[in-house]
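Scroll down for the structure; my scribbles are underneath it.
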Number of protein chains: 2
Amino acid sequence: MAQKPTKTRASAKAQIESKIKAAARPRQRAVQERAEITIEKIRVAAIRLFAERGYDGTSIREVENVAGVNRGLVNYHFDNKEALWKAALDQVFGLLETHTKDRAELYRDLPPKERIAYVIRSQVRFNAAHPELNQLMMQEAKSDTPRLHYIVDTYVRPIMEWLQHTAMEALPIEQDEFLYWYYMFLGSSTTVYSMAPESKLLFGVDVMEEKMIDRHVALTTEFLLTRIGGETAK
Amino acid sequence: MAQKPTKTRASAKAQIESKIKAAARPRQRAVQERAEITIEKIRVAAIRLFAERGYDGTSIREVENVAGVNRGLVNYHFDNKEALWKAALDQVFGLLETHTKDRAELYRDLPPKERIAYVIRSQVRFNAAHPELNQLMMQEAKSDTPRLHYIVDTYVRPIMEWLQHTAMEALPIEQDEFLYWYYMFLGSSTTVYSMAPESKLLFGVDVMEEKMIDRHVALTTEFLLTRIGGETAK
DNA sequence: ATCGAAATTTTTCAATTGCTTAAGCTTAAA
DNA sequence: TTTAAGCTTAAGCAATTGAAAAATTTCGAT
């Protein structure tokens, strides 16, 4: 997607040279379908493995194995491990971004209280459908790395700010209390899915089942809407 | 602690042989203090690194560097990486186990509602003081590995069952609802600490500060005690 | 003091890591 | 059909990995 297949076999440095030549070059070709399939298989595997084992715990060879593609293809389609990580992350967070924007649009004309309820509901569903996102996030949020800065600046902050506005408009939350509301929201709506294998072991229940998710949605919504301290809404 | 320094340089297999010889051997010596210091330094470093980077993402050399001890000492004091992980984990979960038992004892004679309030409060404080525990747990809870089985069977289940008893005695939670209450409790009380670097970036606030923790305790308690649906207690 | 075990230090080794190179093979534009 | 870009395959590299072995130092019971 964000790939530059403009390299013959001379590596990255030759890009400038390649660009100069491009002016005089008549030939220009599209990405082939088989490549797109390969890239997609690699991306899917990368998301799973990065989410499950973290950046350092994931090896390129393993990604290739899980993806079922041949040795060397990751380094061809994605220049290096860092770029692969970024591609995986952009895919997952791009999904969240789209989802959030769609919902913001959809619920725009609802009364605040009702709107935040829908937001919570749809967010829980999203987390259930995409546990990798929170898993990736937890991997990175633990230490102050360039990768964390990238995620926060690019994806998390805008979503958080919109959520803050939406929540504080509907609920009697103080400005400096929102931080906790936010993490309670996050924790309440993601933990059970991020830890799905544990919950299976511990309670013998598959929390990914539709009926289970419904229940979780209901409880979380009630939970987060009930104003702390007894009040109900603004 | 659970170490067996009874190896000359012949590795694990020689333990039986070593035991036989032990009967005829007159000399028997205690663990030296310098060794205990080394072991402790390694354990501390291991907890931090395993929590931060996961099992596969942590290298023995890195543990030794962070611990500030010489190459080879990890493999001397802990037979292998797996044993090191188990030692780190036992340390952290042992702390939780002790903490939980102490509190159970301490709050035994309180009325149920009050007891669960204290339990929540003390649990939040514990999570703030030991974010590595939840980080380690999140690392392992994501996939069904032998390591997860070990943690759940040894530490998590007993604590969960006691918590279930304590919570259901005090709050109107249905049997099959408890799962969600549990993970909301977990998520609400740990996420902000596991993701402390993110919250610093996102809100510019150090959530580990005592005043902040107090606030979190208050909110979480109110949150989790407010009966879903409007009721208050049994 | 001194002997031997415990602990540390230093080397060594095979396997795995990220990454590069060099061929070969497909495919689509000319 | 040609032909070069796009793609795949395979081999190889230096660095890092977990683990063990060897060499050396420290320490306590005799």
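The sequence lines fix the lettering, A, B, ..., with proteins before strands; numbering per chain opens at 1. All figures in this text were calculated on a predicted structure; none of them were measured in a lab.
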(request) Tell me whether the OP1 or OP2 atom of C:dT8 has a side-chain N or O from B:Thr38 closer than 4.0 Å. (result) yes
(request) By nearest nucleotide on DNA chain D, pick out whichever of A:Arg61 and A:Asn70 is the more 5' one. (result) A:Asn70
(request) Describe the nucleic acid contact of B:Ile60 in one word from base, sugar-phosphate, nothing, applying a heavy-atom distance below 4.0 Å. (result) sugar-phosphate
(message) So if I take every side-chain heavy atom of A:Asn75 and compare against D:dT8, C:dC19, C:dA7, which nucleotide ends up nearest?
(response) C:dC19
(request) Report yes if a side-chain nitrogen or oxygen of B:His77 is closer than 4.0 Å to either non-bridging phosphate oxygen (OP1 or OP2) of C:dT8; otherwise report no. (result) yes
(request) Can you tell me the distance, in whole Å, between the CD atom of B:Glu64 and the C1' atom of D:dT16? (result) 13 Å
(request) Take atom CZ of A:Arg71 and atom P of D:dT8, then tell me their distance rounded to the nearest Å. (result) 14 Å
(request) Please determine if B:Glu198 and A:Lys142 form a salt bridge, counting it only when a charged side-chain N lies under 4.0 Å from a carboxylate O. (result) no
(request) Using atom NZ of A:Lys41 as one end and atom P of D:dT8 as the other, report the distance to the nearest whole Å. (result) 9 Å
(request) State plainly whether the residues A:Glu40 and A:Arg43 are in salt-bridge range, i.e. N to O under 4.0 Å. (result) yes
(message) Tell me whether A:Thr58 contacts the main-chain N or O of A:Leu49 through its side chain, where contact means a donor paired with an acceptor under 3.5 Å.
(response) yes
(request) Compare all side-chain heavy atoms of B:Asp144 with those of B:His149 and state whether any distance is below 4.5 angstrom. (result) yes
(request) Taking only the side-chain nitrogens and oxygens of B:Ser59, find out if one of them lies under 4.0 Å from OP1 or OP2 of D:dT16. (result) no
(message) Judged by each residue's nearest nucleotide on DNA chain D, which is more toward the 5′ side, A:Gly72 or B:Glu82?
(response) A:Gly72
(message) One thing to verify: whether B:Asp56 and B:Lys81 come together as a salt bridge, which I'm taking to mean a side-chain N less than 4.0 angstrom from a carboxylate O.
(response) no
(message) Output the rounded distance in Å from CG (B:Leu49) to P (D:dT17).
(response) 12 Å
(request) Measure the distance from NZ on B:Lys81 to P on D:dA19 and round it to the nearest whole Å. (result) 8 Å
(request) Give the rounded distance in Å between these two atoms: CZ of A:Phe78 and P of C:dC19. (result) 13 Å
(message) What is the separation between atom CG on A:Asn80 and atom C1' on C:dT20, rounded to the nearest whole Å?
(response) 12 Å
(request) Please report, rounded to the nearest Å, how far the P atom of C:dA22 is from the CG atom of A:Leu73. (result) 19 Å
